Amino acid sequence: MTLTLRSVLAVAALVGALGGFIVPIEIGGADTDRVMIWPHGALLVFAGLAVLTAMAAISDRLRGPLLLAALFLVAHFGAYALISSLGDEAGKRGPGFWSLVVAAWALAWLVADRVAAIESRDRLKQRLLAIAIPALFGMWILILWEIIVRGFDIPAVLLPPPSAIGARIATSVPTLWADFQQTILKAVLIGYILGCGAGLVVAILIDRSSFLQRGLLPIGNLVSALPIVGVAPIMVMWFGFDWPSKAAVVIIMTFFPMLVNTMAGLASASAMQRDLMKTYAASYWQTLFKLRLPEALPFIFNALKINSTLALIGAIVAEFFGTPIVGMGFRISTEVGRMNIDMVWAEIAMAAVAGSLFYGAIALTERVFTFWHPSIRGS
Amino acid sequence: MTPRVDLQKFLARAGPVVVVVLAIFTLWYIAAVLLNAPAQRDAYARAKVVDYSTGQLIADTTSQRRPVLPAPHQVVEEIYKTTVLKKVTSKRSLIHHSWVTLSSTMLGFLLGTALGTLLAVAIVHNRTLDKSMMPWVIASQTIPILAIAPLIIVVLNAIGIQGLLPKAFISMYLSFFPVTVGMVKGLRSPEIIHLDLMRTYSASPWDVFWKLRWPSSVPYLFTSMKVAIAISLVGAIVSELPTGAVAGLGARLLAGSYYGQTIQIWSALVMAALLAAILVTLVGVANKAVLRRMGMAST
């Protein structure tokens, strides 16, 4: 048997599961010093199943979808058993517990490895696989986070487990919604639309003057690399504490990437294509709307994507410099001060979801509008 | 190529830039006068100065102590005062603050580049990691990570890590992303024909990496590093905000905004811009030097 990643993982799962039988699960408990695996029913079942599936994987007795299903089920039953065994207030987790964690993790990795190796010509299957593998990865990050934080008794002030963050989100929906409205719906969206719109319009306006273009392009590139977030205190001074000052920061941050990218995009139509438009006796505006703007769309969408992240950062950071008592940046900075770390993580989770949805929406729109572009057609 | 043609080329490239920069400064002065004029008129009214000339008004609006928008020469003067005239060890020296920011920028940039390169190597060599991790690397940047800056600072502070490292950590988080994305592209940039050639030599994966993949990814590395160092500086500045304005350019911004010292804010801002421009230029120079030594310089 050659030493591949798969065989290493299978052996790791086997050793981990066997380790669960040999070394104590708990040490330094209330009544006894060490507790072996025997009183923990679910863990016992998991360890047994893990030994069996790991052996099956190593010996090649079980193959294909059947092995995949077995690995998947055992790994996740293991995650469930491990997390629920954390619930009872027992002593410290012993090496046997961590050995079982390693076993479950190795099994899950085997699943991912096998799923990643699946080749499919079917479009729908490809799409599903492209979602399933990262989803599995993300879920196991959460599972390991939960197990490690609670298993090692890491204080919630440092890092709360995902379950606590979830509970916090569920109990403070009104606050989160108010912050979402203030930061995302007002500051980010308005600033984003105005900033991107202004960048686009200015790029089109100076399109006819090559002098202005040659002057503005290097400056725009330079400004794109500058720490523009720094204007936040100035904007707060000029426009007050409420959302207009945050929107102003977002406008300034999103303007230059849009300007530079649109200028590059408008220049991207080839001489051949322009000549063709000329033979049609197309006017400047016809050429612009029928050839050069569509040709610039990939660049414009690129800027829209970059700006979606910048806009969120700009609005949240600007809130550190002064806000009314609502908003995501405000909540983060005050709750950190009050050591309510789970509330901070709830805000971060919401920001992450909002950011990903924002980005996803732009990416989807891009697919609709630039369906002809090689990068979209190819996938 | 005669020097004269060179000069002409240079003028043709620099001319428009100079004109636009001059236009920006002119607009800045006009905006400064317009924005500061109301406060100045109030001041005149209070001092019962009635007959002031427009020239005097303009002169006064561009020399207020706490203007709404300081004029460029005020900012330059403030920078001169706080860099050349102050001792470097002084708490008011802008050089001292820039150094604080620069050190965490550089540490974060180096860590981020190392992490980003390692991730890219792992992703290129392992299909599972490629499929499972790459989407999360991209998703990690849709999270406004700067929002977490105060959290990271406070939490690391609670377990006894202070000073440079937490700030560098934030810079690292921001800067690893462009490096990972660029390096994945770069390490995959060798053509199949080259990889096949390596196979006919029966080269080990180690040799393929060091003799083919790594050299061909160097241009990508430098392009990503330019983005990474700029964003690393942003991370360093923002991470100085929640530490309660101790030191650094971010702290100067925060202190300036607390006390309404607009000139101080603007001078910190200009300093940050200068720093960013210098750092990006340095990476660009290193890029050219390395590529020339590797015989890959484009003439």
Side-chain angles (χ1 to χ4, degrees), chain A residues 5 109 112-113 115-117 129-130 133-134 136-138 141 157-159 211-216 218-219 222-234 236-238 308-309 312-313 315-317 320-322 328-329 332-333 336-337 339 341 344-345 347-348 351-352 355-356 358-359, chain B residues 12-13 15-21 23-24 35 68-69 126-128 130-136 138-139 141-151 153-155 158-159 226-227 230-231 233-234 237-238 241-242 249-250 253-254 256-257 260 262 265-266 268-269 272-273 275-277 280:
Chain A
L5 183 65
W109 195 339
D113 198 52
V115 175
L129 283 177
I133 301 167
L136 195 71
F137 185 83
I141 296 262
V157 176
L158 290 189
L159 188 66
F211 184 82
L212 275 182
Q213 276 183 25
R214 273 181 291 150
L216 271 176
I219 292 174
L222 176 71
V223 175
S224 299
L226 297 185
I228 306 188
V229 199
V231 300
I234 298 164
V236 172
M237 254 179 220
W238 285 3
S308 70
T309 325
L312 276 178
I313 290 181
I316 293 180
V317 171
F320 294 163
F321 286 97
M328 293 163 71
I332 288 172
S333 51
V336 161
M339 285 293 171
I341 304 297
V344 178
W345 277 98
E347 290 282 347
I348 291 167
S356 305
F358 199 2
Y359 189 92
Chain B
R13 276 182 57 190
V17 179
V18 171
V19 171
V20 170
V21 168
I24 290 175
L35 283 170
V68 179
L69 176 64
N126 185 314
R127 197 180 147 90
T128 315
D130 175 26
K131 292 216 161 178
S132 56
M133 206 141 81
M134 208 47 195
W136 288 104
I138 294 170
Q141 300 300 309
T142 66
I143 306 171
I145 188 65
L146 286 182
I148 314 181
L151 179 74
I153 302 273
V154 170
V155 164
I159 55 173
K226 271 188 209 166
V227 182
I231 202 157
L233 179 64
V234 175
I237 290 176
V238 173
L241 301 180
L249 291 175
L253 286 178
L254 195 66
S257 92
T262 37
I265 299 180
W266 278 94
L269 208 56
L275 211 55
V280 174

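If you're wondering where the values come from, they're calculated on a predicted model, not measured in any experiment. Just so we're on the same page: letters track the sequence lines, and every chain starts at 1.
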- prompt: Do I234(A) and L269(B) come close enough that some side-chain heavy atom pair is under 4.5 Å?
  reply: yes
statement: Max heavy-atom pairs within cutoff under 4.5 Å with chain B, candidates G138(A), G329(A), A232(A), A315(A), goes to G138(A)
message: What part of V227(B) gets within 4.5 angstrom of chain A, counting heavy atoms only: side chain, backbone, both, or neither?
response: neither
message: Under a 4.5 Å cutoff for heavy-atom pairs, which residue among V18(B), L233(B), V19(B), I237(B) has the most contacts with chain A?
response: V19(B)
message: Using heavy-atom distances under 4.5 Å, tell me whether V231(A) contacts chain B through its side chain, its backbone, both, or neither.
response: both
